[in-house]
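Single-structure report; data block below.
All values below were derived from every heavy atom in this structure, side-chain atoms included, with hydrogens, water molecules and symmetry-related copies excluded. Per chain, numbering begins at 1; letters A, B, ... match sequence-line order. The shown structure was predicted, so the numbers you read here are calculated from the model rather than taken from an experiment.
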Protein chains: 2
Amino acid sequence: MSMKTVSNVINGYAHVAEGTKERVLAAVETVGYRPNLSARNLARGRSGVIALVVPRLEMPYFAGLAGQLIEQAEARGWFVLIHETGWDRMAERAAIEGQFPQRIDGLIVSAQQLERADLDQRTATTPLVLLGERSFGDAVHHVAIDNTAAARTAVEHLIERGCRRIAMVGASDAAADDPRRRGYLEALEAAGLELQPDLMLPIRANSGEEGERVVRELLESDVALPDGVFAVTDWVALGAMRALHLHGLRVPDDAAVVGFDDIPYARAVTPSLTTIAPDRAALAEVALRMLETQLNPAGGLAEPVHQTVPFELVVRESTTSFGPPQSRAH
Amino acid sequence: MSMKTVSNVINGYAHVAEGTKERVLAAVETVGYRPNLSARNLARGRSGVIALVVPRLEMPYFAGLAGQLIEQAEARGWFVLIHETGWDRMAERAAIEGQFPQRIDGLIVSAQQLERADLDQRTATTPLVLLGERSFGDAVHHVAIDNTAAARTAVEHLIERGCRRIAMVGASDAAADDPRRRGYLEALEAAGLELQPDLMLPIRANSGEEGERVVRELLESDVALPDGVFAVTDWVALGAMRALHLHGLRVPDDAAVVGFDDIPYARAVTPSLTTIAPDRAALAEVALRMLETQLNPAGGLAEPVHQTVPFELVVRESTTSFGPPQSRAH
DNA sequence: CTGAAAGCGCTTACAG
DNA sequence: CTGAAAGCGCTTACAG
């Protein structure tokens, strides 16, 4: 039996006779052979490592995504180096240039601040896949849920629950092309509700503090109270709920709240939070497939592709019902 | 200039004349040289990879810890492979045996279910460091905060706020040697408070659901209401707060609550959660140092060591004051 | 189809 | 101190 045959079996190539294959695998098993990846990667000219770039791993949405990606990457023999940017545009620019302590075979970047111009100026040629709601035309491979459709679904849900004055927390100031804002507007329009500019609340960061601040300011202003809140992330929604509470408003009775991301706390908080749940597993899988496409340009053009994955509206107490009994239950 | 000299500079060894050193570094800079770690590791007989084993990366406490560890490991030229066990004892046993798709140089395991016996049966010789509150005698390198002192601090804080009937949520059933339970008992005793066995509430998992369940059962029972709750994790505390809410009790006015871990949600939730914050950076650093000690047994015995790192009590609204104003503020 | 051999980019023991 | 050379464990092009 040749070395080539053994290699074929181990790497799953070619057609090896069943009996031979079994003998090889049996030998591998008894010896406890485990390929030395350093050697393999050195010989193949690859590092076997892909980088996942996120703002902050501690944020549950990104941690969940990282978990999915690690699992699926391992199954493909890849190893995931996680790198944090802290929402800094310069750090994101550095990341897409592949400035890592390790050589890497590919990059998956959750873009928060990155602009189209940053991509155009990119000099590195490492295969790249972008994640997230920002859009970059056809400059780069990109996976995301359909953020407009998801936002529309969220706001339609509020409208169905009877909300008529729905605030959007996290309307980006400038961006007419913010997909979530567009979904919000579409839902209002489809229901024949008038847009209230006072209820579109821009924030400086997708943080709980910011969500709380702008909702508090709204409630303390002369603007009539909202009866529904659509927040661009669950984290922002938690802040919004906090402001509502502190103002003596009950969720969902006085104002219903919908978030975005379905982080674990959405379930644990009181009242639990209705939210948009992206299909994280699909996100991870598509991103890895896009990386593979770029690494093996078998079959011609590896034109940048934009692809969407499914999402789901998860309905919980913040839009249905909840409340401590007035008298104690027994 | 010899290859050895260059190697010395790059790896920071030995005494190289300043001028030479600068010339080398300048050359490295202009050429943009980056060592190929696959080759280096192959030559050195190491993989350059350490594994971090946690129950679930999506849990914010572990995600935060992983973030710290990744950062500090990168600074030491290590790469972190994250592996999830899902709180499964068999998965933890497999992990300490080093059954990974990669060869690894060391293992850092957050032990949740692992028993002393599992360690005694271990056959692998990969350097190992254990994290977490379980104790394993002197069988293995181990880093943790002083959980007894931390729990005592938390409960003393409740007592200072005037609590007299303090429930402990998460008292492990069997374990007389549970360090957090011991801290709870010590604090009660020091304050001359009588132990109320009815207020020690065992749970099956450190989940919000379990925290909610046992507190709900307590509140619905004939036992007099508690005026303070010490939960073994923030996550459990969130569940406990939920049960209190649903029962019409206000936090902290009717019952104050203290958690453990200082996950990000502890700040975001309403009311925000008083909790014990372990020094994660120190945890990561000590764990890595212990791994290095085992890898470079320079200076003799690498006897297993148990080491503690600092913690802090972070006081927030759940033990001080909070409440929506009765009439709206203006 | 088979096997011996070169080469991936480093580190390090060794002869000069 | 210096430099040439071997070797880490794989993959793969190449001659048989």
Side-chain angles (χ1 to χ4, degrees), chain A residues 1-25 27-50 74 76-79 81 98 100-106 125-126 292 295-298, chain B residues 1-25 27-50 74 76-79 81 98 100-106 125-126 292 295-298:
Chain A
M1 193 183 314
S2 80
M3 178 172 282
K4 181 64 189 167
T5 305
V6 174
S7 173
N8 280 341
V9 171
I10 287 173
N11 294 305
Y13 299 144
H15 312 277
V16 182
E18 270 308 315
T20 315
K21 190 166 163 186
E22 273 165 25
R23 273 195 300 146
V24 171
L25 291 177
V28 163
E29 178 65 25
T30 55
V31 178
Y33 172 79
R34 311 265 286 289
N36 178 321
L37 295 202
S38 291
R40 170 179 292 176
N41 290 323
L42 179 58
R44 284 188 179 163
R46 289 197 180 168
S47 67
V49 173
I50 62 177
E74 271 183 30
R76 294 163 192 243
W78 266 330
F79 208 172
L81 169 63
F100 287 94
Q102 288 268 346
R103 289 192 194 177
I104 56 171
D105 296 337
T125 57
T126 313
E292 277 174 342
L295 282 166
N296 310 316
Chain B
M1 194 182 312
S2 80
M3 177 172 283
K4 182 64 189 167
T5 305
V6 175
S7 171
N8 279 341
V9 172
I10 288 173
N11 294 306
Y13 299 145
H15 313 278
V16 182
E18 269 308 314
T20 316
K21 190 167 164 184
E22 273 164 25
R23 274 196 298 146
V24 172
L25 291 177
V28 163
E29 179 66 24
T30 56
V31 178
Y33 172 78
R34 311 264 289 289
N36 178 319
L37 295 201
S38 291
R40 172 179 290 175
N41 290 323
L42 178 58
R44 284 189 179 162
R46 289 197 183 168
S47 67
V49 172
I50 61 176
E74 271 183 29
R76 294 165 191 241
W78 267 330
F79 210 174
L81 169 63
F100 288 94
Q102 288 271 343
R103 287 194 194 176
I104 56 172
D105 297 338
T125 56
T126 313
E292 276 174 341
L295 282 166
N296 310 317

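Distances from the side chain of Pro35(A) to the nucleotides dC10(C), dG9(D), dC10(D) place dC10(D) closest. Considering only side-chain atoms of Arg44(B), the nucleotide from dC8(D), dT11(C), dC10(C) that sits closest is dT11(C).
Between the CD1 atom of Ile50(A) and the CZ atom of Phe79(A) there is a distance of 11.0 Å, given to the nearest 0.5 Å. Atoms CG and CG, on Leu37(A) and Leu42(A) in that order, are 12.0 Å from each other to the nearest 0.5 Å. Summarising the geometry, atom CG belonging to Asn36(A) is positioned 8.0 Å from atom OH belonging to Tyr33(A); distances are rounded to the nearest 0.5 Å.
If you check dA13(C) for Watson-Crick or wobble pairing at under 3.5 angstrom, you find it has no partner at all. Across all strands shown, dA4(D) remains unpaired; no Watson-Crick or G-U wobble contact has both distances below 3.5 Å.
In this structure, CG of Asn41(B) is placed 11 Å from P of dT12(C), rounded to the nearest angstrom. When the C1' atom of dT11(C) is taken as reference, atom CG of Leu37(B) falls 13 Å away, rounded to whole Å. Counting to the nearest Å, the C1' atom of dG9(C) and the CG atom of Leu42(B) are 9 Å from each other. dC10(C) atom P lies 18 Å from atom CZ of Arg46(B), rounded to whole Å. Distance, Arg40(B) CZ to dT11(C) P: 5 Å, rounded to whole Å.
The shortest distance between side-chain heavy atoms of Asp105(B) and Ser47(B) falls below 4.5 Å.
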